[in-house]
There are 2 protein chains.
Amino acid sequence: MAARHEEIAEELRRAIDDGEYAVGALLPAETGLAGRYGVSRGTVRQAVAALTAEGLIGSRQGARRVVLASRRSQSFEELRSFAQWARAMGRRASGLVVARERRRATAEDVARLQLRDDGEVLHVLRVRGLDGERVLVERTVYADWIAPAVERVEDDCESVTARLYQETGLVFAYGKHLIDAVSAGARDAELLGVRRTSPLLRVRRVTTTAAGRPVEWSDDRYRPDAVNFSVHNSIGSNPLARQAGPGFGG
Amino acid sequence: MAARHEEIAEELRRAIDDGEYAVGALLPAETGLAGRYGVSRGTVRQAVAALTAEGLIGSRQGARRVVLASRRSQSFEELRSFAQWARAMGRRASGLVVARERRRATAEDVARLQLRDDGEVLHVLRVRGLDGERVLVERTVYADWIAPAVERVEDDCESVTARLYQETGLVFAYGKHLIDAVSAGARDAELLGVRRTSPLLRVRRVTTTAAGRPVEWSDDRYRPDAVNFSVHNSIGSNPLARQAGPGFGG
DNA sequence: AGGGCGCACTTGTTCGAACAAGTAACCGGC
DNA sequence: GCCGGTTACTTGTTCGAACAAGTGCGCCCT
């Protein structure tokens, strides 16, 4: 958080959270904020652009900016890491590796992880809990070049993300998430302690480094009574997309 | 699309789509693009910032930008409007109003739609189809000030969004989406032609105008074999957030 | 051959300025 | 009292410039 525009964005977020600017209220004009913080108008615009992307404030040319919401979305790190997310909410996360094995990479693995040849990948099946209650089954496939570091992580490690950063300096930078719903089935029902026909919220995701190199892909199934997802969007930036399912030949 | 930086962003998107810049390839430097398009570096930065937010390209200080994906996410309008989305995919959307009635606004309606008093709201239950197959049950609550325009829309109208824009000039600008999974239940099962225990993908959303005024909120339930959702995010911008479900006292 | 250093290149940050375009409030005429 | 135009304010767009900070490659030395 060295950049001045990030500092200003954070101050504005706090001001909105603290109620200094209530929902529906008007933010000061750009020139006013520039004067208050002693920066140019361009720097202020970078700050408010961040809040706009987060869905906190709305803006129209000619009119003052409006506060739309008060709570900001989670940081990327909190979304990536189940443990960090739980800690930020004041809950305790647990995790246990049920199975772990190296397998020959399938065509799907090669495509999703952009592997050169079809060498080996590392499959890990984890069950994760929130305050002792099991809420998530996680099936992750790691690329070969990160697999050794993952294998050194102990089975009941709370935060794999933090462990990998400590060991290798690896930073997750981009993610793509595909969301749908499935029935639990026999295996997941047993692991989560729910009925076989219970609906689960499935998130299939691919995570890459800042250089665009895929690190892992995962099939996560959440108990929908315990966890759900929210997305903000606007005319200016729309990261959420609807897709025709495979059953429809999309 | 008057702004030069938007034109440049669109040209870059097309170039990536057409394979001029393949996935994994390096984009030209900012100064190079600035020269090619005859604009300043700042304008190029606005263009590439848009693509970065869309998850198409990645960027790190000091290194050239990398192409991460080739297909861009849908526009806000396509997400908002089921009909426009279907048309963009070359499919035919249908829609039928099953029930429509004015009701006294509940406390939830007042909160979500930021109504002043607890007057009347308009409830509409629609079933929507893709190429004749029923895929979505939509329960929408409209604010009182837009209800008259909605009531003038015919029951089998394909695109309510387009109709409301024609009639009132109303533009939807911001959306918040809460995603989880539920079992169909007797009513939805009958409407969609699936089994009572089938999992459905539920999206509860609130849409507002550019001025931050809520227009509608809706409970949409999709057949997960027909439709699912994808989200892009990064360290820089993260619109996706995980939330503890109500069953956990979140 | 291998490792370390330095340099050229690239992105990130910030400033100041100017004009275009849209909004909202005020004011005057009917 | 209501309607419409004028006007001050605000956001959007774009330029040019300068410096900071990080990357990656080649070169040199060992």
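Only this structure's heavy atoms are used, side chains among them; waters, hydrogens and symmetry mates stay out. In this text the structure is predicted, and so the values were computed from the model without any measurement. Below, chain A is the first sequence line, B the second, and so on; all start at residue 1.
Of the residues in residues 31-52 of chain A, A/Arg41, A/Arg45 come within less than 4.0 Å of DNA chain D through at least one heavy atom, sorted by number.
Looking at heavy atoms from C-beta onward, A/Leu164 lies out of side-chain contact with A/Val215 at the 4.5 angstrom threshold. Residues B/Leu12 and B/Tyr37 meet the side-chain proximity criterion, which asks for heavy atoms closer than 4.5 Å.
Ring orientation note: the planes of B/Tyr222 and B/Phe82 are tilted relative to one another, at an angle of 30° to 60°.
B/Glu6 has its CD atom 6 Å from the P atom of D/dT13, to the nearest Å. Distance, B/Leu26 CG to C/dC9 P: 16 Å, rounded to whole Å. As rounded to whole Å, 8 Å separates atom P of C/dT14 from atom CZ of A/Arg4. Look at CG on A/Leu27: it is 16 Å from C1' on D/dC9, rounded to the nearest Å. Counting to the nearest Å, the P atom of D/dT13 and the CD1 atom of B/Ile8 are 12 Å from each other.
Proximity of B/Arg64 to the phosphate of D/dG22: no side-chain N or O atom is located under 4.0 Å from OP1 or OP2.
Both A/Gly62 and B/Glu30 lie near DNA chain C, and the one whose nearest nucleotide falls closer to the 5' end is B/Glu30.
Listed nucleotides C/dT13, D/dT23, D/dT11 differ in distance to A/His5; the shortest reach to its side chain belongs to C/dT13. Side chain of A/Gln61, nearest nucleotide from C/dG12, D/dT11, C/dT14: D/dT11.
Annotation for A/Asn228 and B/Ile179: closest pair CB-O, 3.0 Å, computed over non-hydrogen atoms.
With hydrogens and angles ignored, the 3.5 Å screen pairs no side-chain donor or acceptor of B/Thr208 with any backbone N or O of B/Arg213.
For the residue pair B/Arg80/B/Thr161, the side-chain donor-acceptor check at 3.5 Å is satisfied.
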